[in-house]
Amino acid sequence: MTIAFTDGRILDWEDVEAKKIFWHSSAHLMAEALEALYPGVKFGVGPAVENGFYYDVDLGGNQITEADLEKIEKKMTELAKAGETFERSEVSKADALEYFTEKGDQYKCELIGDLEDGTITFFKNGAFTDLCRGPHVKHVNDIKAIKLLSIAGAYWKGDQNRNQLTRIYGITFPKKSMLEEYLTVLEEAKKRDHRKLGKEMELFTFSQRVGIGLPLWLPRGAQMRYTLENFLRRKQQELGYLQVVTPHIGSKDLYVTSGHWAKYGKDSFQPIHTPQEGEVYMLKPMNCPHHCEIFRSSPRSYKDLPLRFAEFGTVYRYEQSGELHGLTRVRSFTQDDAHLFCRPDQLQEEFEKVIDLILYVFGTLKMTEFSAQVSLRDPNNHEKYIGTDENWEKAESAIIEAAEKKGLKTVVETGEAAFYGPKLDFMVKDALGRQWQLGTIQVDYNLPERFELEYIDSDGTKKRPVMIHRAPFGSIERFTAVVLEHTAGHLPVWLAPDQVKVLPVSEKYADYAQKVCELLKNSEIRASVDARNETLGKRIREISLLRVPLIAIVGEKEVTEGTVSFRKEGVDQGSLSTSDFIQYIKKTVEEELS
């Protein structure tokens, strides 16, 4: 279906821009309802977000609870049905300040004060007028289905020293059926929440004493993590990558040279000053400067290139506490990082090989729906970036050409490049149709310049290598979260922390269960015995919560025949001899990884 907007455009609902404008318009509609229900309410900002919108509001002496959301929804629906339109007007900065000063809304006055002198636009819907550039939906009654989702606290402008506002989240659609479908997906998403699954499956935890945003991997989670790492290590070894290891800290001078200090220093953990020598160190925010120094550690010839240094390197970023979320947004995470140093004539081939590697990872984990985002620099704001125009143009051309050659479905986002180079980001849809940014490749001519990296070319002259940054997982933490939610915790056998749980029907058969378990372990199958003094049914239910894919049950019949009876994902698979059961598991893993 299509939606008409105040700037004259008519866009299809599936257009990202259409949803963004529709949801921002809905934030204005909610603000109108709030002003009608809570006179004197003051407004901060009300943007569209990935799924829906929010508005930050100061309710003065009023309090809103989850129970009040239905009342606000009803008012929004009433106002939408009234057939209002969005009306745009232009005012001077002085008149805009006067309007909101009279209303007593200091937040809007502060926003206006931050704007340059000149014409300012207002948008009016019904009795509500807001400071806004627009555009909006042409007809408010296009907003047919409304659901307010949650309430949270939010400091004004993200500053903990400023007023705390009430943030109200919501979502709207042009059809009721779309909202019903969304709420069904949302309910399923709650069941698949990786934080819930991580607890049930005993994978990871957090501790206030350790520090917020710093995950602790439990034994089962650590096993899953190592399995992921080994999966990628084996593939990288086939492709000629060389494993390296670098420290968790580095001299501040290293990050000054790389440019990371100038760009991210204020948002990093503060420098560590040594007590006696006067040295200054930082928790490592990036692996790439360390890898540049490894390249510089020896003379390099054109015959040595490409050099592919890989590391599962843990890095540290100071994220605001309100932005932390399970494993998807943390302060300590491990990147499946690699940096490829190549000659300019090797760049295209190396970039294409990295695309192939990322597609292999996605294919193995059945992540079949994805698109690629080509992130370029903002041509109107060169101050955000380092390096010459010539190098940027070469790097951007290389990415676009490689993506085209591989037939990737791409979208171009201007202004989303890293400060040192353009990149190709892979946006993956999970089983619920939600989009995640996983896997990234970046072309970089600039760090080799800043670190003065060189190799001796065939003619004996010194040349600069080109650098490719890549991380197929993105980070182990985020990738784990996405895989858990994509599979609802039902991991493939090759990745499951426990591949098999062996359950004796009673204590009488515990010795045989242990014998079966040892045979499995000897065949490099992750197995353990659950011989607790509990009923078989209770043990099966508890193991099901751990999402162990294979449960082998042994009793008198199995002991007599030298077999196991087993279930896969809760479905009875019959009986096999122990040797055939081992072969069944090996074949399953082989097929999953093929």
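- Residues L97 and T101 come closest through the heavy atom pair O-OG1, 2.6 Å.
- Taking the ring centroids of F362 and F370, they lie under the 6.0 Å cut-off.
- In this structure, R162 forms no cation-pi arrangement with Y155, as its terminal cationic atom is not both closer than 6.0 Å to the ring centre and no more than 45° off the ring axis.
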**Message:** Does V374 form a side chain to side chain contact (heavy atoms under 4.5 Å, CB included) with V411? I'd like the steps, not just the answer.
**Reply:** CA-CA 6 Å; V374 180; V411 293; over 6 Å; no
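- H28 has its side chain out of reach of V140: every pair of non-hydrogen atoms, C-beta onward, lies at least 4.5 Å apart.
- The aromatic ring centres of F473 and F312 sit 6.0 Å or more apart.
- Considering only heavy atoms from C-beta on, T119 stays 4.5 Å or farther from S92 through its side chain.
- Looking only at side-chain heavy atoms (C-beta outward), W13 and F22 come within less than 4.5 Å of each other.
- Looking only at atom types and distance, the side chain of W156 has no donor-acceptor partner in the side chain of D56 under 3.5 Å away.
- Here D425 pairs with K423 under the salt bridge (Lys or Arg N to Asp or Glu O under 4.0 Å) rule; sequence neighbours left out.
- For the pair F479/L327, no side-chain contact is recorded, criterion being any heavy-atom separation below 4.5 Å from C-beta on.
- Among L37, L34, L29, the one residue that satisfies the side-chain contact (heavy atoms from CB on, under 4.5 Å) test with K75 is L37.
- Note on ring orientation: taking the six-membered ring where Trp is involved, the planes of F86 and H136 are parallel (angle under 30°, cut-offs 30° and 60°).
- Side-chain atoms of F173 and D142, non-hydrogen and from C-beta on, never get closer than 4.5 Å to each other.
- Within 6.0 Å of atom NZ in K147, 12 or fewer heavy atoms from other residues, nucleotides or ligands are found, so the atom counts as exposed in its surroundings.
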**Item:** K191 and E187: CA distance, side-chain angles, deciding distance, salt bridge (Lys or Arg N to Asp or Glu O under 4.0 Å) verdict
**Value:** CA-CA 7 Å; K191 298 175 187 175; E187 194 59 37; 6.0 Å; no
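- Partners of F122 by side-chain contact (heavy atoms from CB on, under 4.5 Å), not counting sequence neighbours, listed by chain and number: S89, V91, A96, Y99, F100, I120, T129, L131.
- In terms of modelled atom types and a separation under 3.5 Å, the side chain of R192 and the main chain of K190 share no donor-acceptor contact.
- Closest of all the heavy-atom pairs between S150 and L69 is N-CD1, 4.1 Å.
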